[in-house]
Amino acid sequence: MTAYLIRRLLASIVILLGVSVLIFAMIHLVPGDPVAIMLHEVKSGPGAIEEMRRNLGLDRPLPEQYLFWLIGNDYVQVDTDGDELPDSRGTRRGILRGDFGRSIFKRAQVIDIIADRFPATLKLTVAAMLLALPVGILAGIVAAIRRETLHDYVTMLGALVGVSIPPFWLGLMLMYVFGVELRWVRPFVGDRGFITLILPTITLAAPTVAIIARLTRSSMLNVLGEDYVRTARAKGVREAWVLTAHVLRNAFIPVLTILGLQFGYLLGGAVIVETVFVFPGLGREVVTAIINRDFPLVQGVTLFSATVFVLINFGVDMLYTAVDPRIRYA
Amino acid sequence: MPERSPAGGQPAAAPAAIKTLPENNAGAGQSQNQWFFVRRQLRQDKAALLGGAILLIIIALTMLADSISPFDPLEQSRDGADLLVPPNAEHWMGTDDLRRDVFSRVLHGGRTTISVGVVSISAAISIGLALGLMAGYFGGGIDDVISRFLDIMLTLPAILMAIVVVTILGAGLQNAMLAVSIASMPAFARLVRGDTLVEKNKIYVESSRAMGASHWHIMWQHILPNVVSSVIVVGTLRVASAIQIAAGLSFLGLGAQIPHPEWGAMLSLGRNYIRSGQWWMTVFPGLAIFITVMCINLLGDGLRDALDPRLRGTDQA
């Protein structure tokens, strides 16, 4: 168990390092001069290009730049202020210690922007998961137990709608119906307490509800066909007990596996849902950052999301081994 | 379970591989066989048929947009009375804020949206197929490098990956297409790698190798035809999500640019008129995306049941 845990942890770290290389490389893949592109968007005086290039460390050889970006200048000597002398150590802390640099537009540390915006996104994501999980699982169970009845067909049709409906459109329609026509909520007001959270949560959760319902159903149907279920029934175990003790427990395992992935999907989906509802989270921030070509901010936010995603999947994996002992010995 | 799994056709195909190696390929006979079952299975799947039929109609309508749309999608009516008119006999889906006919724009927009989905997934399939075949077939160091690379790419959810690409290349329709393509590629590579791992140990590969076939020949002539069915299934379902992501990027202002009609971009315009009650600018392009995506999903689910029942319930899309 411990060995498995350590192996998974190491794998997660390697993946995150890889992601960091990918995101670091991003700025160097920009056709043309990224600094000129960024500065094109802000008013710049003479020498501004040189200054920013130095500030971002872009005048250094690539491996050195990466190290600088990763661990700061405790170990790498860089001159970012243009005084021909290396900066004093420790002025940049590197992304490993949460220093993603400064946003070009907001004139603030990227990490502060993330700290400011992430809670709203987290709230939305968790709310969506809390809605999707019980609804999806319940719908899937009912569809599986009442297989090929009206219940099943309606649930599966609902699931098809859920995965097919574009989230931005669903959000706009909900807002039109409940905000404009019925006037139950005020449209486009952002994050103003519980009421304003309802529509974005439904919008974000819809595809996840559908996917969880489909998966629960098919996983239940698989388990219902297992020999041990037949044995339990043959022994005369009550149906309710068969379902809870034998079927559900095993049917949950695949559902658990996709939970981590679904969290990632929700974090990604938040980009769109937040834009629709003018919700002040990380997703909306990143869209603005892209339009402004604020590379440090985009890099920071994507790296941060990737880290959250990898951590959640690591957590789900751990949970998974707890539920399914077979994994531990594999 | 459907009565027959196409993958079960292997034993019959293996002797054929030995007999006809130089001129013919083992895959051809088998895929004919397979397509027969697929057609039979699909014919019984009413939902998939319905989805496919509606999809065909939608594609035909958008491809013929030039000749059937009643107005020019870009033309702004000179008549001031045409501003934000609700749906009526003349403008079936109303007019927008620039006095353009929404119906004509939806027809033309579909051409863009649907082709972005199809083109980006085709590109993703070609690259993913090549990487997956190589990783699965050669194994060892090549597999390690490719697989780790895929792991890293899969760490970012598709929409975030697409956003990273758009950040690098800048907003625009072509860049959005490339972004969707890059974001979808790892899923195909992964899938093909897994299938290739299974196929390469089968006897028909061994016999082909014994006859001196090159790696290239084995990969393209023998393994490829046997992994293609799951690629078709996942590919179809992925076109649906590609359309959603591409329209999403346009909605965010990162894809198709004004005044070009595109479903996602139209929604983003319509959004400004929700509060004042001009629902038609939003309802129709969104409905178009929704119905198209749903039909593709129906067709994809049907194809999956017919071609590759193993994938059922995995929700690869």
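Throughout, a chain's letter reflects where its sequence line sits, starting with A, and its residues are numbered from 1. Heavy-atom basis, side chains included; hydrogens, waters and symmetry copies ignored.
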Check the pair A:F263, A:F309 against ring-ring contact (aromatic ring centres under 6.0 Å, His included), reporting the backbone distance first and the verdict last. CA-CA 7 Å; A:F263 249 112; A:F309 181 53; 9.3 Å; no
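For residues 45-54 of chain B, heavy-atom neighbours of chain A at less than 4.5 Å comprise no residues at all.
A:V19 touches chain B through backbone and side chain together, each having a heavy atom under 4.5 Å away. For B:I159, the part lying under 4.5 angstrom from a heavy atom of chain A is the side chain only. Both the backbone and the side chain of B:L267 have a heavy atom closer than 4.5 Å to some heavy atom of chain A. If you measure heavy-atom distances from A:P167 to chain B, the contacts under 4.5 Å come from the side chain alone. Only the side chain of A:V310 comes within less than 4.5 Å of a heavy atom of chain B; its backbone N, CA, C and O stay farther away.
Ion pairing of A:R147 with A:D152 is absent here, as no side-chain N (NZ or NE/NH1/NH2) approaches a carboxylate O to less than 4.0 Å.
With a 4.5 Å cut-off on side-chain heavy atoms, B:M294 and A:I165 do not count as touching.
Atom CG in A:L297 sits 8.0 Å away from atom CG in A:L282 (nearest 0.5 Å). Put simply, OG1 on A:T155 and CD1 on A:I141 are 11.5 Å apart, with the number rounded to the nearest 0.5 Å. To the nearest 0.5 angstrom, B:L55 atom CG is 4.0 Å from B:I59 atom CD1. A distance of 10.0 Å separates CG of A:L204 from CD1 of A:I272, quoted to the nearest 0.5 Å.
Ranked by heavy-atom pairs under 4.5 Å with chain B, the list A:G268, A:A306, A:P166, A:G264 is led by A:P166. The candidate from A:L160, A:L16, A:V301, A:L267 with the greatest count of non-hydrogen atom pairs under 4.5 Å with chain B is A:L160. Heavy-atom pairs under 4.5 Å with chain A were tallied for B:L154, B:L169, B:L160, B:V283; the largest tally goes to B:V283. Listed options B:G170, B:A240, B:A158, B:A171 were ranked by heavy-atom pairs under 4.5 angstrom with chain A; first place goes to B:G170. Heavy-atom pairs under 4.5 Å with chain B peak, among A:V287, A:V276, A:N313, at A:V276.
Applying the salt bridge (Lys or Arg N to Asp or Glu O under 4.0 Å) test to pairs two or more places apart or on separate chains, those with a residue in residues 163-191 of chain B are B:D151-B:R190.
In this structure, a donor-acceptor pair under 3.5 Å is absent between the side chains of B:E262 and B:T112.
Checked options B:V102, B:T113, B:I289, B:T282; the residue passing with B:M266 is B:V102 (criterion: side-chain contact (heavy atoms from CB on, under 4.5 Å)).
The distance between the ring centers of A:F118 and A:F304 falls below 6.0 angstrom.
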